[in-house]
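Structure record follows, encoded as structure tokens.
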Amino acid sequence: MEELDLKYIWHPCSQMKDYETLPPMVIDHGEGPWLYDIHGKRYLDIVSSWWANLLGHCNPDINAAIKDQVDSLEHVIFANFSHRPAIELAEQLAKITPPAIRKFHFNDNGSSAVECALKMCFQFYLQGGKPEKKRFMCLTEGYHGETIGALSVGSMDLYAKMYQPMMMDNIHVEAPDCYRCPYGKCRENCQCECFEHAEKAFAAHAQETAAMIVEPLLQGSAGMRIYPPLYLKKLRALCDRYDVKLICDEIATGFGRTGKMFACDYAEISPDIMCISKGLTGGYLPMSVTCVTEEIYDAFYADFSEGRAFMHSHTYAGNPLGCAAALAVQKIFREQHILETANQNAVWLTKEMAAAFGSHPNVGEIRHIGLIQAIELVKDPATKEPLDASKRTGYAIYKKALEYGLVLRPLGDVLYFNPPLNITKDELSQAIEMAKKAIGDILPA
Ligand SMILES: *Cc1c(COP(=O)(O)O)cnc(C)c1O
């Protein structure tokens, strides 16, 4: 099977030559946080299969909901037509999203939800008599997906730099960098001094800017960089002052990953647009929603002849199977007190992580939010000097961890846990043990 795979398949986000030494793990089945390959070896999926799997693999309740749905309706065109699962899901989303969010535009993956949000903001101002507002602001090290528009509001060189000539000319605002704070502050005692970069950018560019897009509180792809809610609060106020829309990309942070339903909730703000995907369906099916305020929706509402409609569609928008999975996820959240348990386990996990890794000479910082824990490896914690990236230490640890049965896929030299929310303490302890061995093998203390 491994040979056949390499004969035909080009895997995402991979240098395929690496597969010469690390062939693909061909997974036969999954259960909870565990993946079982065709040779019977099991792996603890501590990264939730790219942050999507929210409640374990082959969750019996989600499986049942999808099976039930597939026997009545697998898919239907979503223009002019609708169906019960989508309607119920939208009603449910209205209950759990921030108060100003009122309308739900369905798409079929995270990047498309972001593209949709950008186009909406541009069109909002175009139709509102401000055609000069056609640029976007974003944070450095931000990540919002891989399509050209989404890449244009992303700032990670690894994914975006090469495509610069194809991209929109956006405004990149220096992001908070709490581990290496240039102001010498820490998350607990700062007033977001770094917000001055946003203030300067708005003063210079707000009149030509339609929206600012951010990953609230957690810049995931950047290496699980965590910043304080105060930054978001200030950003909401700044956007209001300058008439710029605020897009919160909750694709990675939504559905309890940060310990609250949405990361925005920590700052008690309502964005103008919120993008959700990944955990939305429990990580089962590709679905996303661009959630908007009444104000934005109303700006498109007119007689057809006025040409104000949002003519944007994706074939699988509102897919009933995805909606059924998402409804099952919401039911599980309510009935099984997922957030409460996850938050209790998060407190425990934070202590365990500190005990297991805190004194290692290459651990610069262990940061956490919700059940997410990230270990930033450095050459020397005193200077915070990064490891030599060309040594690919994180990747070496990843390969070692796989031998022990742990999927510890890193972000550069940042190792992280982002497990399903219903993982048990025992499983987390096993993950720590395996991670400890793998780190010890590559970076002996
Ligand atoms: C994963 C991710 C995306 C892109 O979603 P895809 O479904 O992979 O297109 C966008 N934004 C954030 C914050 C993400 O984590």
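Because only heavy atoms are used, hydrogens play no part in the values below, and waters and symmetry mates are left out as well, while side chains stay in. Whatever order the structure lists them in is the order used to number ligands and atoms, beginning at 1.
- Within ligand 1, counting atoms from 1 as listed, the ones closer than 4.0 Å to a heavy atom of Ala252 are 15 (O).
- When hydrogens are left out, the protein atom nearest atom 7 (O) of ligand 1 is Gly110 N, 2.8 Å; that is the closest non-hydrogen contact.
- Classification of the Phe202-Tyr242 ring pair by plane angle, with boundaries at 30° and 60°, yields tilted.
- Closest heavy-atom approach to atom 13 (C) of ligand 1 within the set Asp249, Asn109, Thr253: this belongs to Asp249.
- Taking each heavy atom of His57 and Trp34 in turn, the nearest pair found is CD2-O, 4.0 Å.
- Under 4.0 angstrom from ligand 1, the non-hydrogen atoms of Trp51 all belong to its side chain.
- In this structure, Val114 does not count as a contact residue of ligand 1, since none of its heavy atoms falls inside 4.0 Å of the ligand.
- Of all the heavy atoms of Lys278, the ones lying under 4.0 Å from any atom of ligand 1 belong exclusively to the side chain.
- For the pair His312/Asn107, a side-chain contact is recorded, criterion being any heavy-atom separation below 4.5 Å from C-beta on.
- Between the side chains of Ser49 and Asn53, no donor N or O sits under 3.5 Å from an acceptor N or O.
- The pair Asp272-Arg236 meets the salt-bridge criterion, with a side-chain N (NZ, NE, NH1 or NH2) lying under 4.0 Å from an Asp/Glu carboxylate O.
- When the shell of 6.0 Å around NZ of Lys384 is examined, it contains more than 12 heavy atoms from other residues, nucleotides or ligands.
- Here is the list of ligand 1 atoms found below 4.0 Å of a heavy atom in Gly145: 4 (C), 10 (C).
- For ligand 1, the atoms closer than 4.0 angstrom to any heavy atom of His144 are 10 (C), 11 (N).
- For atom 11 (N) of ligand 1, the nearest protein heavy atom is under 4.0 Å away.
- The neighbour count for Met16 CE, taken as heavy atoms of other residues, nucleotides or ligands under 6.0 Å away, is above 12.
- Aromatic ring orientation, His83 versus Phe78: tilted (interplanar angle from 30° to 60°).
- With respect to atom 9 (O) of ligand 1, the closest heavy atom belonging to the protein is Ser111 OG, 2.6 Å.
- Using a 4.0 Å cut-off to heavy atoms of Glu215, the atoms of ligand 1 that qualify are 13 (C).
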